[in-house]
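The structure displayed is predicted, hence computed values, not measured ones. Proteins come first, then strands; the chains are lettered A, B, ... in the order of their sequence lines, and each starts at number 1.
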2 protein chains.
Amino acid sequence: MPQRETPTRQRILDAALDLFGARGVDAVSLDEIAREVGVRKQTVLYWFASKDELVDAVLETVAAELVVVIDAAVRSASDDPLERIDRVVRAVFRPAVRRPAMLGLVREMNRLPGPQADRLRLNVQPLVERCVEYFQLEMDKGRLRRADPGLIAALAYATVTGIATEPEALRSVGWQPTAVGLRHLRDELRSFLRAALTP
Amino acid sequence: MPQRETPTRQRILDAALDLFGARGVDAVSLDEIAREVGVRKQTVLYWFASKDELVDAVLETVAAELVVVIDAAVRSASDDPLERIDRVVRAVFRPAVRRPAMLGLVREMNRLPGPQADRLRLNVQPLVERCVEYFQLEMDKGRLRRADPGLIAALAYATVTGIATEPEALRSVGWQPTAVGLRHLRDELRSFLRAALTP
DNA sequence: GGGTATGTCTACCAAATGGTAGACAGATCC
DNA sequence: GGATCTGTCTACCATTTGGTAGACATACCC
């Protein structure tokens, strides 16, 4: 068969990412992914030995992108700790805004059993640890309100992923998952964090 | 057959709640639920006409319990607005602390398509609206820091659903999704809110 | 041009799953 | 005591799904 513009493997990965994110790994069959790509199921199984392997590959992609984007923000130099926190928050939102399915996949990663859940954890862990160390450092310097830095990180993480993964649920409060709505919420989170962490 | 101590229907509902919460609605079969209860699949289908109906019944239970508990806290009389917020936060966490599967079910409610997702939204919406009105009132009185009350509610909501959605991910910071872990996180959230909302 | 590798397809399959039909035992009503 | 109702069971079915075997065509290597 003639090679189409995008290699088949990549197109399968793309379609799987969107479908898995939208409706969950369990609810999407290989047949459906194949149909989306315009190919037969067996072709999917040619590129990925099993569904598990395809799922793994998709989650790997997601974890990698998240880590790259957030890592860049964490490393960004700024003297003001609140400014740095703000940048990380922005970074966390970015992949989700660009590709809505990302949200669903993060949720899936936490729902799936065993090694697939570990994937995100193992990738994100070093980042979170670095954040915690940084919080501790700034608290010691008296530039952030003293608190349990691990719990602060957990809270911030939960808040951001909550916004990211449940944008529909937030409609309850009249919030709209648009770019403008996202900016408002992000800014509110910023001043919230500012009020909460200012010594 | 002799009636056992707990009516079969209730025992099915119980087992389904725990299993659905732990591993997701799609990944749990009727056979597995039946096995857990010590009964045949057909008995499950006798009490619930279809799997969908069982899922609905479970989600209904969850939504109802959440609403009852939170509603009681929202209505609770206390003059200090921060104290009232405290109580609501405790109330939101209570079902999850008592029954860890609740977290997973909140996640499922946001993941499932159509009417099943709406169930949570429709039940929770009036509560959130009441909270928003209350925030506005207290801000007008100058007893809470002035902010967009809708966004504050959205933030708090996102935080809680984030915890619900990502309890495993929070292990990254050494946090455990146990009753003790939930209590710690809840207390941190309370002092967080206190710092952020004190005028 | 012949042989090999690559990529996609058709044709199946075994297992699991949601669901149906109907038998059967015990309790209840008359 | 017989009829009926209730709750559970055995037996079965249709469909879906992940996965295998192997044909076939095109591209590439020599």
Side-chain angles (χ1 to χ4, degrees), chain A residues 1-60 104-105 108-109 111-117, chain B residues 1-60 104-105 108 111-116:
Chain A
M1 264 309 173
Q3 193 102 325
R4 313 184 198 189
E5 76 284 7
T6 314
T8 306
R9 195 192 134 94
Q10 187 56 46
R11 294 170 58 218
I12 293 171
L13 219 40
D14 262 23
L17 195 151
D18 287 330
L19 287 171
F20 285 160
R23 306 219 318 280
V25 167
D26 293 325
V28 176
S29 70
L30 294 182
D31 255 327
E32 192 174 355
I33 295 168
R35 210 178 312 129
E36 184 70 21
V37 177
V39 91
R40 298 292 171 197
K41 175 177 65 173
Q42 287 72 9
T43 302
V44 174
L45 285 167
Y46 172 79
W47 289 106
F48 303 90
S50 66
K51 184 177 180 178
D52 253 15
E53 198 169 287
L54 173 57
V55 171
D56 272 354
V58 169
L59 297 188
E60 182 68 41
L105 284 166
E108 289 296 287
M109 271 197 255
R111 191 175 66 80
L112 293 171
Q116 284 163 342
Chain B
M1 265 309 170
Q3 193 101 325
R4 313 186 198 188
E5 75 286 5
T6 314
T8 305
R9 195 192 135 95
Q10 187 56 45
R11 293 171 59 217
I12 293 171
L13 220 39
D14 263 22
L17 194 150
D18 287 330
L19 287 170
F20 286 160
R23 306 219 319 279
V25 166
D26 293 325
V28 176
S29 70
L30 294 182
D31 256 325
E32 192 174 356
I33 295 169
R35 210 178 312 129
E36 182 72 21
V37 177
V39 91
R40 298 293 171 196
K41 174 177 64 170
Q42 287 73 10
T43 301
V44 174
L45 285 167
Y46 171 81
W47 290 106
F48 302 91
S50 66
K51 185 177 181 180
D52 251 16
E53 199 170 285
L54 174 57
V55 171
D56 272 354
V58 169
L59 296 187
E60 183 68 41
L105 284 166
E108 289 296 288
R111 189 176 67 82
L112 292 170
Q116 283 163 342

Below 4.0 Å: OP1/OP2 of dG18(C) and any side-chain N or O of Ser50(B): no

Touch class at under 4.0 angstrom, heavy-atom based, for Leu30(B) against every strand present: sugar-phosphate

Spacing between Leu45(B) atom CG and dG7(D) atom P, to the nearest angstrom: 16 Å

Residue-phosphate contact under 4.0 Å: Thr8(A) side-chain N/O, dT8(C) OP1/OP2: yes

Gln42(A) or Ala27(A), whichever maps to the more 5' nucleotide of DNA chain D: Ala27(A)

Step-by-step side-chain contact (heavy atoms from CB on, under 4.5 Å) determination, Leu13(A) to Gln10(A): CA-CA 5 Å; Leu13(A) 219 40; Gln10(A) 187 56 46; 4.2 Å; yes

Rounded distance (Å) that lies between atom P of dG19(C) and atom CD1 of Ile33(B): 11 Å

Separation of dT6(D) P from Arg9(B) CZ (nearest whole Å): 15 Å

Length of the line joining Phe48(B):CZ and dG18(C):C1', which is rounded to integer Å: 16 Å

Spacing of Lys41(B) atom NZ relative to dT20(C) atom P, expressed in whole Å: 11 Å

Ser50(B) to Leu45(B) - nearest heavy-atom pair and separation: CA-CD2, 4.0 Å

Residue whose closest nucleotide on DNA chain C lies nearer the 5' end, Arg40(A) versus Asp26(B): Arg40(A)

Spacing between Glu32(B) atom CD and dT17(C) atom P, to the nearest angstrom: 8 Å

Short side-chain N/O contact from Thr43(A) to OP1 or OP2 of dC9(C), under 4.0 Å: yes

Nearest-Å distance for atom pair NZ/C1', residues Lys51(A) and dT16(D): 11 Å

Distance, rounded to the nearest Å, where Glu53(A) contributes CD and dG19(D) contributes C1': 13 Å

Electrostatic pair Lys41(A)-Glu32(A), nearest N-O below 4.0 angstrom: no

Short side-chain N/O contact to dT8(C) OP1/OP2 from Tyr46(A), under 4.0 Å: no

Distance (rounded to the nearest 0.5 Å) between Thr43(B) OG1 and Leu30(B) CG: 11.5 Å

Cationic N near anionic O, under 4.0 Å, Arg111(A) to Asp26(A): yes

